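Read through the structure below, which is laid out as structure tokens, and then see the notes.
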Amino acid sequence: MQRLSNLAQLAHWQAQVAHGAQPIAFVPTMGNLHAGHLHLVAQAQAISPAPLILVSIFVNPLQFNDAADLARYPRTLDDDLARLREAGIDAVFMPPVDVLLPDGEHGVRIDPGPLAQDWEGAARPGHFAGMATIVAKLFHLIRPQFALFGEKDFQQLAIVQAMVHDLNFPVDILAVPTQRAPDGLALSSRNRFLSDAERATAPHLYAQLRQAAGALIAQQSVEAVLHKARAELAAAGFVVDYFALCDAKSLQPITRLSPNSVLLAAAQLGAVRLIDNLRIRS
Ligand code: AMP
């Protein structure tokens, strides 16, 4: 596994592998790798014919609107490298901040457009512009044929797909289903900040998504179903930010189940903001 920390090393690796003319499958991450990330790697390894696999680890300061959140984001580089080596990837790109942002944080940004307005975009101003800007840079630098993103971050995935479509990036975006703990909690780097009691409560979020999906499929009123889910989460100790039924493409709220719907949810449990979602294809 090649460890690439700067643009010269990345270019050198690309020149080396260009001889094989093998396409690159790219998995962008912020590190602190868990089984969800490794599932993205496994999905990249399942592509046929086999591409080269490059994983990036970059805690992107542009996508944090809260300095304290950025400062406490878990950084576990040695463990991450051991896991990636074990997974058998070809290269890891792990640039320090000034390699991707040599002029600081005040440069050109990608406008992520209307998909970024609501939900996480409303809760975290600037988050998606920062994400899209760094993803665009990484796509230009790495020039992958495939890039893999988790459905866990449903709005992020939708924005990346829209950016690639609207700006004609020559990359195929592959969506990977959310990996969960046995009790249903979506794996996330932030779960480590949950206390034992909060960790025991956290699976309620996915349980409510499933319950709401069942009730919606059974034709119950959308308003009543969403209201009940929010109330039950609040009773369990969550501070609910949103629990909404949306069109899976536009991410706009809908008042009736459509063939391509998604439940989007975010709720605070203690100091931890949990997000999750559930597709409903009817
Ligand atoms: P992050 O390191 O949190 O920025 O995540 C990097 C990539 O891993 C993103 O595409 C995420 O959507 C994806 N990801 C994070 N958690 C999961 C999960 N539990 N299941 C599947 N993909 C995930």
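Counting starts at 1 for both ligands and their atoms, in listed order. Being a predicted model, the structure only gives us computed values, none of them experimental.
- Aromatic rings from His127 and Phe64 are positioned such that their centres are separated by 6.0 Å or more.
- Of all protein heavy atoms, the one lying nearest to atom 4 (O) of ligand 1 is Met30 CG, 3.5 Å.
- For ligand 1, the atoms closer than 4.0 angstrom to any heavy atom of Thr29 are 2 (O), 6 (C).
- By the 3.5 Å distance cut-off applied to N or O atoms, Glu151 is not counted among the residues near ligand 1.
- Here is the list of ligand 1 atoms found below 4.0 Å of a heavy atom in Gly150: 9 (C), 10 (O), 11 (C), 12 (O), 13 (C), 22 (N).
- Of the charged side-chain nitrogens involved, at least one lies within less than 4.0 Å of a carboxylate oxygen, so that Asp69 and Arg190 count as a salt-bridged pair.
- At under 3.5 Å, a nitrogen or oxygen of Asp153, whether backbone or side chain, sits near a nitrogen or oxygen of ligand 1.
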Residues Lys152, Asp276; criterion salt bridge (charged side-chain N to carboxylate O under 4.0 Å, His left out); working and verdict = CA-CA 6 Å; Lys152 157 81 169 46; Asp276 205 345; over 6 Å; no

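- By the 6.0 Å contact criterion, CZ on Arg72 is enclosed, its count of non-hydrogen atoms from other residues, nucleotides or ligands being greater than 12.
- Salt bridge absent: Lys228 and Glu223 never bring a charged side-chain N and a carboxylate O closer than 4.0 Å.
- Of the candidates Met163, Arg124, Gln156, Met131 forms a side-chain contact (heavy atoms from CB on, under 4.5 Å) with just one, namely Gln156.
- Near Pro28, the atoms of ligand 1 lying under 4.0 angstrom from a non-hydrogen atom of the residue are 6 (C), 7 (C).
- Set against the non-hydrogen atoms of Leu187, the atoms of ligand 1 under 4.0 Å away are 16 (N), 17 (C), 18 (C), 19 (N).
- Ranking the protein heavy atoms by distance from atom 20 (N) of ligand 1 puts Gln179 N, 2.8 Å first.
- Not a single heavy atom of Ala35 lies less than 4.0 angstrom from ligand 1.
- Heavy atoms of other residues, nucleotides or ligands lying less than 6.0 angstrom from CZ of Arg210 number 12 at most.
- The shortest N/O to N/O separation between His37 and ligand 1 falls below 3.5 Å.
- There is no side-chain donor-acceptor pair under 3.5 Å between Gln155 and Glu120.
- Considering backbone and side-chain N/O atoms, Leu40 never comes within less than 3.5 Å of an N/O atom of ligand 1.
- Under a 4.0 angstrom heavy-atom cut-off, His34 registers as being in contact with ligand 1.
- His140 and Arg143 get closest at one heavy-atom pair: O-CG, 3.3 Å.
- By heavy-atom distance, the residue among Gln156, Gln63, Arg190 lying nearest atom 9 (C) of ligand 1 is Gln156.
- Taking a cut-off of under 4.0 Å to the non-hydrogen atoms of Phe149, the atoms of ligand 1 that pass are 10 (O).
- Summary of contacts: the protein heavy atom closest to atom 23 (C) of ligand 1 is Lys152 CB, 4.0 Å.
- Between Arg85 and Asp80 there is no salt bridge, since none of the side-chain N atoms of the basic residue sits less than 4.0 Å from a carboxylate O of the acidic one.
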